[in-house]
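Notes for the one structure printed next.
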Amino acid sequence: MDFYRVLGLGPKLQLNSVELQQLFYGRSRELHPDRFARAEPSVRAAALEESSLLNDAYRTLKDPVSRAEYFLKHRGFDIGEQGTKDVPPELLEEVFELNMALEELKSGDESARPQLATARDHFAALLAQSDDELTNLFAAHDASPAEAVLRQIRGVLNRRRYILNLLRDVNGYLSN
Amino acid sequence: MAYSDKVVDHYNNPRNVGSMDKNDPHVGTGMVGAPECGDVMKLQIKVDPATGIIEDAKFKTFGCGSAIASSSLATEWLKGKTVDQAMEIKNTEIVNELALPPVKVHCSVLAEDAIKAAINDYKKKAVPAEVNA
Ligand code: FES
């Protein structure tokens with residue numbers, strides 16, 4: 001996991017954003033091109049590469065969701081994999097029903113609007129809930145790393161995608 | 001992205017859009033989703049219990065054009081097949097028929113998953129209660 005290595009971090013899912021930023025600044029200074037102005041071309045090139053890796057690493061790791069996706073990918077998990085196994089069927093049902101309501105609204109049936117507003121609140125709550133779940137699962141993983149916890153995390157990440165997608169669509173319709 | 005003529009045709013005139021009563025014991029319902037895009041697909045089959053032949057199929061897909069075309073095509077193929085034959089339908093056949101580009105392969109996988117889910121749901125219902133116990 002290069003992103004962790006370049007920042008000098010161990011394989012933890014819980015990262016403190018202030019500390020992460022400090023690490024990033026520190027490493028950025030060490031890898032600053034000015035310090036390599038007189039170095040061998042190969043050394044300079046290596047530092048440049050390391051510093052672009054560092055930037056990618058920071059951008060990815062500072063967001064808990066993209067951090068978890070990166071982490072899982074390097075543990076051999078597919079994210080956004082096909083199939084419903086990780087997503088509760090009730091959520092799919094709900095997503096489906098909501099899409100039906102959206103379609104009615106699109107076709108000019110305004111009676112679906114209140115249902116959508118309720119649904120939006122519900123899905124916003126689900127999103128907040130999944131963020132909390134992630135926080136807890138991160139802590140559980142760091143306390144004792146286990147495949148089962150990572151699988152649960154993937155489940156939450158997959159669920160989150162449906163929720164986000166829907167919220168975007170619903171908000172789009174409600175705002176016009 | 002350019003869709004093939006067949007995709008456009010299914011997209012503009014989707015076959016068998018609709019739904020059936022999912023509590024009907026002869027109806028199997030498959031509800032699947034693709035987390036990468038958030039698309040969802042519902043596919044249902046109605047089986048003649050005497051012959052095991054699928055007499056009707058319906059779908060409703062909220063997703064991209066390829067997913068709609070894949071599920072529309074799937075319902076066409078399902079009708080008249082036995083449940084076992086239907087189980088054999090592969091997403092690659094859908095890819096070939098619709099000339100889907102590689103980035104759209106997952107949309108056809110969604111259709112295959114939906115077929116399998118519908119059949120499994122039907123089979124679960126068809127199992128007599130004693131055998132279930
Ligand atoms: S892009 Fe999601 S099913 Fe086609």
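The sequence lines fix the lettering, A, B, ..., with proteins before strands; numbering per chain opens at 1.
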_Taking every non-hydrogen pair under 4.5 Å, which of A:L166, A:N165, A:D169, A:L91 racks up the most with chain B?_
A:N165

_Distance-only polar pair, side chains of B:S71 and B:T61, donor-acceptor under 3.5 Å_ = yes

*What part of A:E103 lies closer than 4.5 angstrom to a heavy atom of chain B: side chain, backbone, both or neither?*
side chain

*Hey, are B:E97 and B:K6 close enough for a salt bridge, meaning a charged N less than 4.0 Å from a carboxylate O?*
yes

*Using a strict 4.0 Å threshold on nitrogen-to-oxygen distance, state whether A:R5 and A:E50 make a salt bridge.*
yes

*Using non-hydrogen atoms only, which part of B:K116 is less than 4.5 Å away from chain A: side chain, backbone, both, or neither?*
neither

*Are A:F71 and A:H141 close enough that their ring centers fall under 6.0 Å?*
yes

